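These numbers come from a predicted model, not from an experiment. Values below: all heavy atoms of this structure, side chains included; hydrogens, waters and symmetry mates excluded. Both ligands and their constituent atoms are indexed starting at 1 by order of listing.
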Amino acid sequence: KMGLFTYDPGFMSTASCKSAITYIDGEKGVLLYRGYPIDQLAEKCTFLEVAYLLMNGELGDKHEQAQFEHEIGQHAMLHEAMRGFIDGFHYDAHPMAMMVGIVGSLSAFYHSELNMDDPEHRRISAMRMLAKMPVIAAACYRHSIGYPYVYPRSDLSYCENFLNMMFSLPSQKYIDKDNYIDPVAVKALNLLFILHADHEQNASTSTVRLASSTGANPYACIAAGIAALWGPAHGGANEAVLSMLGEIGTVDRIPEYIEKAKDKNDPFRLMGFGHRVYKNFDPRATIIRKACYEVLERTSAKDPMFDLALALEEYALKDEYFIEKKLYPNVDFYSGIIYKALNIPVDMFTVMFTIARTAGWVSHWLEMMAEPGQRIGRPRQIYTGKDVRNV
Ligand code: SDX
């Protein structure tokens, strides 16, 4: 304790807010969305059913869910003027740089006519972001490979649409065996999006809440969250895991990298390991690990990276440093393996996380905005500078 404040480098000891959306027990590896265990939701729901739950507090009945998904389809189109904005990026711009810019620019296309004091207008803003995120994401990818943009279709589900907007070619309908909408891929995407949809007050969600507390418009708040998610210590870890596995290369080089990760003077961290809250296991990693086997089997994408990942996990879990520091595989350790099997480019992995986490971010934004008397967030500091007043 120093004076008035306890100093905590990761703001862990002081609760920053109250929320009814997600509950985590880091010791027991428990994760609940609106009170429902993550493994049940992952087993039984689609991503949009979980998005409805996060935003509305309860699972929708058949009619409510159908209405919700119809409205998502209605909001999926992008303003045609946004094409110019997307085209303005160099072809090799990192898609996360594009996402931060394009989502922020939604403020200029969709916000002026809405009044954030009106709950219905707030709901429309949230629906717009959930609907447009995969469209923007796929457009970023298509821009990077110089392919024409593909519009969302009303006859496809949320995840089918995303795959279609990413990979379909105007020269062929979506029937080519290499390009058809593979149900294994759709199931895997729903699962990955559910597992990444929300996670209490993680860095990017806290960023969205802090920005929201100033009254900034929702698109700017979500763009701030996307910027925070990009960091390799956070959502950028899934891309970093694949680069790390590529650098390690072979199983016999694992011990060398485990030693590097333990060396305090070496900035190298074992990407995909450790967590600010989970100190025994990340329940999402357990679910994704199982899905990896299924996806790789069904897509027959025999992936040496997966074997290397399994070998690295086995080695690290036996290492006394990792046991003592309670470092276990987190959600990002395996997600990249599945995205790779679905032919998602590595630099799009954090964009995938962005699509999923938009459901959580907009839910937290709605929760905050509905709370009367919201006050501006204002973290304090421990001053360590000098004071020349009495010199
Ligand atoms: C996500 O908050 C969320 O909920 C995030 C997230 C979400 O859904 O929003 O779950 C998503 O961001 C998952 C995390 C993805 N990041 C990575 O996989 C990057 C690699 N992991 C590390 O950078 C790290 O583990 C963090 C950032 C995840 C957590 O950092 P902390 O809280 O500082 O870790 P810690 O306090 O548990 O560390 C304990 C010790 C430290 O050493 P000492 O200071 O005690 O000597 O373990 C060391 C750390 O240096 N350590 C690692 C390590 N992670 C922690 N050493 C080697 N490799 C690692 N990965």
Side-chain angles (χ1 to χ4, degrees), residues 8-13 16 19 21-27 29-33 38 42 50 54 96 192-209 225-245 247-248 254-288 309 312-313 315-317 319-337 349-350 352-361 363-364:
D8 176 331
F11 314 122
M12 276 291 276
S13 60
S16 56
S19 174
I21 298 172
T22 292
Y23 172 75
I24 296 176
D25 179 328
E27 288 307 316
V30 171
L31 171 56
L32 309 177
Y33 286 167
I38 190 68
V50 169
L54 289 170
M96 282 301 280
L192 286 165
F193 284 171
I194 287 169
L195 296 177
H196 287 83
D198 193 55
H199 211 237
E200 202 215 65
Q201 301 309 317
N202 58 85
S204 53
T205 301
S206 299
T207 301
V208 170
R209 289 186 78 110
I226 295 172
L229 185 74
W230 192 3
H234 189 14
N238 53 18
E239 179 178 346
V241 167
L242 263 288
S243 318
M244 175 187 72
L245 290 173
E247 191 187 328
I248 294 175
I254 288 176
E256 170 198 339
Y257 280 86
I258 292 284
E259 290 315 307
K260 268 172 71 71
K262 289 153 64 171
D263 177 355
K264 281 291 155 231
N265 302 318
D266 189 325
F268 175 76
R269 283 280 175 279
L270 213 54
M271 302 317 279
F273 272 78
H275 198 275
R276 206 82 185 82
V277 179
Y278 291 125
K279 294 306 171 194
N280 287 305
F281 67 96
D282 180 338
R284 303 166 298 175
T286 312
I287 297 169
I288 289 187
L312 176 61
E313 179 203 36
Y315 195 103
L317 291 183
D319 182 280
E320 72 277 3
Y321 173 90
F322 281 79
I323 295 168
E324 184 225 324
K325 301 283 183 187
K326 300 189 169 209
L327 303 175
Y328 299 83
N330 58 46
V331 67
D332 292 306
F333 186 63
Y334 286 107
S335 55
I337 305 281
F349 286 6
T350 311
M352 303 301 282
F353 199 146
T354 302
I355 296 172
R357 191 51 57 91
T358 298
W361 289 332
S363 302
H364 283 270

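Near N202, with a cut-off below 4.0 Å to any heavy atom, the atoms of ligand 1 are 2 (O), 3 (C), 4 (O), 5 (C), 9 (O). Near K325, meaning under 4.0 Å from one of its heavy atoms, ligand 1 places the atoms 40 (C), 43 (P), 45 (O), 46 (O), 47 (O).
Contacts between V277 and ligand 1 below 4.0 angstrom, taking non-hydrogen atoms only, are absent altogether. Contacts with ligand 1 closer than 4.0 Å are made by no heavy atom of A203, backbone or side chain. Of the heavy atoms in K264, only side-chain atoms (C-beta onward) come closer than 4.0 Å to ligand 1. Neither the backbone nor the side chain of K260 has a heavy atom within less than 4.0 Å of ligand 1. Heavy atoms of K326 found under 4.0 angstrom from ligand 1: none, in either backbone or side chain. Only the side chain of Y321 comes within 4.0 Å of ligand 1, counting heavy atoms alone; its backbone N, CA, C and O stay farther away.
Looking at Y33, its side chain never comes within 3.5 Å of a backbone N or O of L54 through a donor-acceptor pair.
Residue, atom and distance of the protein heavy atom nearest to atom 29 (C) of ligand 1 are R276 N, 3.9 Å. Of the protein's non-hydrogen atoms, the one nearest atom 27 (C) of ligand 1 is A233 O, 3.8 Å. In this structure, the protein non-hydrogen atom closest to atom 15 (C) of ligand 1 is D332 OD2, 3.3 Å. With respect to atom 9 (O) of ligand 1, the closest heavy atom belonging to the protein is R357 NH1, 2.8 Å.
Protein heavy atoms are found inside the 4.0 Å sphere centred on atom 5 (C) of ligand 1. Under the 4.0 Å distance rule, the nearest protein heavy atom to atom 34 (O) of ligand 1 falls outside the cut-off. Distance check on atom 48 (C) of ligand 1: some protein heavy atom falls below the 4.0 Å cut-off.
Considering Y328, F281, F333, Y278 as possible partners of F273, the one that fulfils the ring pair (Phe, Tyr, Trp, His ring centres under 6.0 Å) test is F333.
The aromatic rings of F353 and H196 lie perpendicular to each other, with more than 60° between the two planes, well past the 30° mark.
By the 4.0 Å heavy-atom criterion, R284 is counted among the residues contacting ligand 1. Within the 4.0 Å heavy-atom cutoff, P232 counts among the residues contacting ligand 1.
The line from CD of E239 to CH2 of W230 is 9.0 Å long, rounded to the nearest 0.5 Å. Put simply, CD1 on I226 and OG1 on T350 are 11.5 Å apart, with the number rounded to the nearest 0.5 Å. Put simply, NE2 on H275 and CD1 on I24 are 6.0 Å apart, with the number rounded to the nearest 0.5 Å.
Remark: T207 pairs with A224, A228 by the side-chain contact (heavy atoms from CB on, under 4.5 Å) rule, at least two apart or across chains.
Looking at ligand 1, you'll find an N or O of F273 within less than 3.5 Å of one of its N or O atoms. The shortest N/O to N/O separation between L327 and ligand 1 does not fall below 3.5 Å. Any N or O atom pair closer than 3.5 Å counts here, and A237 shares no such pair with ligand 1.
Taking all heavy atoms of I258, D266, N330 into account, the minimum distance to atom 14 (C) of ligand 1 is reached by N330. Across R269, Q201, H199, heavy-atom proximity to atom 59 (C) of ligand 1 is greatest for R269.
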